[in-house]
S.K.: 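My questions will all concern the structure given below.
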Amino acid sequence: MERLIAAAIRQITHGRLIILIVPLLLLPIVIAGPVTIRKPRSDFTVGTCTWVIDRPCPDDDIKFYLFTRSNPEDRQYVHIADTMEKSNLSSSYFNPSLPTKVIIHGYNADMFLAPLINMKGEYLSRGSYNLFYVDWSLLGPGPCYPSAVHNTKHVGTCIAQLVERMLDSGTDDIHLIGFSLGAQVTNYVSVKLRPFQLRRISGLDPAMPLFITAPADDKLDPSDANFVDVIHTNALVQGKIERCGHVDFYMNGGIIQPGCWGGGQNPMACSHHRAPDYFAESIRSLSGFWGWQCNSYIYYLLGFCPQNAFQVMAGEDCNPGTEGMFMITTNSDSPFAIGRWTDTNNVYKKDAVLNKFGLRRDPFISDIDQWGKLEGNFNNVEQFPTPYSQDPNNANDDDWPYFNHIGTNKLTKEYIRKIVEQDKSRYEDTTEHSKPHPNLRISSPEINNDIDQRTELTDLRRRLQLKEASVMEHYSVPVLNTR
């Protein structure tokens, strides 16, 4: 009898061995973190990460704090519900006659992120505002980025409820400012408010991960407000490279920011956080962040976007009618703004050299890359023939051979001589162009007509070096080796 029972058990369990083993193998994965289903809020939680499912607003995990000139230091908690009667907005410091800013932090942060809280001081020093800070840090902690992305829709819905109560109070002068993942939250605010259209949204380096292929209703885009302006500082890493607004500003190329290398800091995190740094400074900057237009990022990489006189301002005072893509350069430390770009610093020097040779134009403008995009540090490519010494050890020019074993000094002189002769023969009539501009008053020493050819070649060479200077060195005259 015992043998028959044992045989029956083996027969029953033989075909189901895999079914029994698989759940045992998956068991450690399932119980890696405490999994709970909260009711009635229907949240899905794994460890410290929470996915919000069908949770109503108001939500205790999404708080609104108000700063005004009446309470510049002590934040005031504002409860927002589905009606004005259930909310305390009317009994707060909120003044519907003042412009309103709603500032939204991103992933793994809170409202006290330094550059965001700095905006408070800048705005209240500039004028009277209603400054609402949204704190949704409990729904976007690290390392829970996937759940934080999922929760942005719920956060946007609750912020939309705040906007609705402000509309009920009689104002629509509302400006949303979102950083990183907070910039993507503004999209869901806009979607929830339809058909009402917000006046303005400012996206500060909108988050890229999990938003690359997102449809229009799931990412920040120009349809989200009457005017959407975007600042890019860490594209392709934490921020998006694609255009997201009516106007997009790419700071220092939009990927890595100057001053973020060294000091033991994370250059990517530093570059990402420069977006709110720049915006905060723009609120009261006397210089301003001015950008020049570029047709596309590919054009910029190829050097087809030179700095020019047509410039627009980025940041708080960006003109709402601005459209397009613009490039901006900044200082490496605060204050970051450098003001309008101008080429008048070297006007006299350029004219003096050209007038000596009777030329209408700088011969290097058409023959050498004047925008600095193809200099030695760009893909390690150098123009040929080399316009200046390539000796990394500052040896004598002719001691270091270039292609075909020809010294760079000899190549440079021969190349300049040919260009000068071509321009002399091409432009004989120089009477009009050799005269200085009547409105240009720059005191300088008289040019000695007996200066020899070598001195003039040195001047041309110095001019070329200035043209080839990097963007970071462009705004401070470098010490150049002119031997």
Side-chain angles (χ1 to χ4, degrees), residues 183 202-206 208 211-213 216 219-223 227-258 260 268 271-272 274-275 278 288-315 318-319 321-331 336-343 361-384 387 464 466-475:
S202 294
L204 309 181
D205 211 25
M208 178 191 71
F211 288 95
I212 297 177
T213 59
K219 65 180 179 181
L220 179 64
D221 75 305
S223 69
F227 180 59
V228 178
D229 58 301
V230 180
I231 291 176
H232 300 265
T233 57
N234 193 219
L236 298 175
V237 184
Q238 297 184 78
K240 301 192 76 174
I241 188 75
E242 70 172 322
R243 291 188 54 190
C244 305
H246 294 96
V247 58
D248 290 69
F249 297 96
Y250 293 79
M251 317 297 285
N252 303 294
I255 299 178
I256 296 294
Q257 301 305 303
C260 283
M268 302 306 171
S271 296
H272 190 46
R274 281 292 177 84
Y278 295 150
F289 296 86
W290 293 85
W292 67 96
Q293 193 165 22
C294 186
N295 289 334
S296 73
Y297 203 82
I298 297 299
Y299 271 52
Y300 170 74
L301 293 177
L302 294 177
F304 295 154
C305 297
Q307 291 173 315
N308 54 72
F310 177 69
Q311 300 169 68
V312 299
M313 183 178 286
C318 181
N319 189 328
T322 307
E323 292 187 0
M325 170 182 172
F326 295 82
M327 317 305 294
I328 297 179
T329 54
T330 72
N331 293 320
F336 299 105
I338 59 177
R340 282 181 176 269
W341 177 84
T342 176
D343 196 29
R361 64 182 180 90
D362 188 334
F364 294 111
I365 291 224
S366 61
D367 299 285
I368 300 296
D369 170 39
Q370 71 270 37
W371 304 316
K373 289 292 177 291
L374 297 179
E375 57 185 345
N377 61 358
F378 186 84
N379 289 340
N380 295 322
V381 174
E382 286 288 358
Q383 298 287 339
F384 178 79
L464 176 61
L466 290 173
K467 280 285 185 182
E468 292 294 316
S470 66
V471 173
M472 289 310 304
E473 296 173 340
H474 181 79
Y475 298 96

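Here the structure is a predicted model, which is why all the values come from computation and not from measurement.
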S.K.: If we ignore hydrogens and angles and just use 3.5 Å, is the side chain of S271 paired with the main-chain N or O of N234 as donor and acceptor?
M.R.: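 Not confirmed, S271 side chain does not pair with N234 backbone.
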S.K.: If the plane angle is over 60° it's perpendicular, under 30° parallel, otherwise tilted; pick one for F310 and F326.
M.R.: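 It falls in the tilted class, 30° to 60°.
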S.K.: Will you find, in the side chains of W341 and Q307, an N or O donor that is under 3.5 Å from an N or O acceptor?
M.R.: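 The answer is yes; a qualifying pair exists.
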S.K.: Take I231 and M251 through the test side chain to side chain contact (heavy atoms under 4.5 Å, CB included) and record every step on the way to the result.
M.R.: CA-CA 7 Å; I231 291 176; M251 317 297 285; 3.6 Å; yes
S.K.: Hey, do the aromatic rings of Y278 and F289 have their centres closer than 6.0 Å?
M.R.: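 Centroid separation for Y278 and F289: below 6.0 Å.
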S.K.: What do the steps show when you test M325 against R243 for side chain to side chain contact (heavy atoms under 4.5 Å, CB included), and what is the final call?
M.R.: CA-CA 8 Å; M325 170 182 172; R243 291 188 54 190; 4.1 Å; yes
S.K.: If every non-hydrogen atom of K240 is compared with every non-hydrogen atom of H232, which pair is closest and at what distance?
M.R.: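 Closest heavy-atom pair between K240 and H232: O-ND1, 2.7 Å.
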S.K.: Taking NZ, NE, NH1 and NH2 as the nitrogens, is one of them in K219 or E242 under 4.0 Å from a carboxylate oxygen of the other?
M.R.: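 Here K219 pairs with E242 in a salt bridge, since their nearest N and O are under 4.0 Å apart.
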S.K.: Can you find a heavy atom in the side chain of L220 that is under 4.5 Å from one in the side chain of V228?
M.R.: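 In short, these two side chains touch, coming nearer than 4.5 Å.
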S.K.: Would you kindly say whether D229 and H246 are connected by a side-chain donor-acceptor distance under 3.5 Å?
M.R.: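 No pair is found: no donor N or O on one side chain lies under 3.5 Å from an acceptor on the other.
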S.K.: As a quick check of understanding, evaluate side chain to side chain contact (heavy atoms under 4.5 Å, CB included) for C318 and V247, giving each step before the final call.
M.R.: CA-CA 9 Å; C318 181; V247 58; 4.1 Å; yes
S.K.: Test side chain to side chain contact (heavy atoms under 4.5 Å, CB included) on C294 and M327; report intermediate values, then the result.
M.R.: CA-CA 7 Å; C294 186; M327 317 305 294; 3.9 Å; yes
S.K.: So which of I255, D205, I256 actually passes side chain to side chain contact (heavy atoms under 4.5 Å, CB included) with T233?
M.R.: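 Output: one option passes, namely D205.
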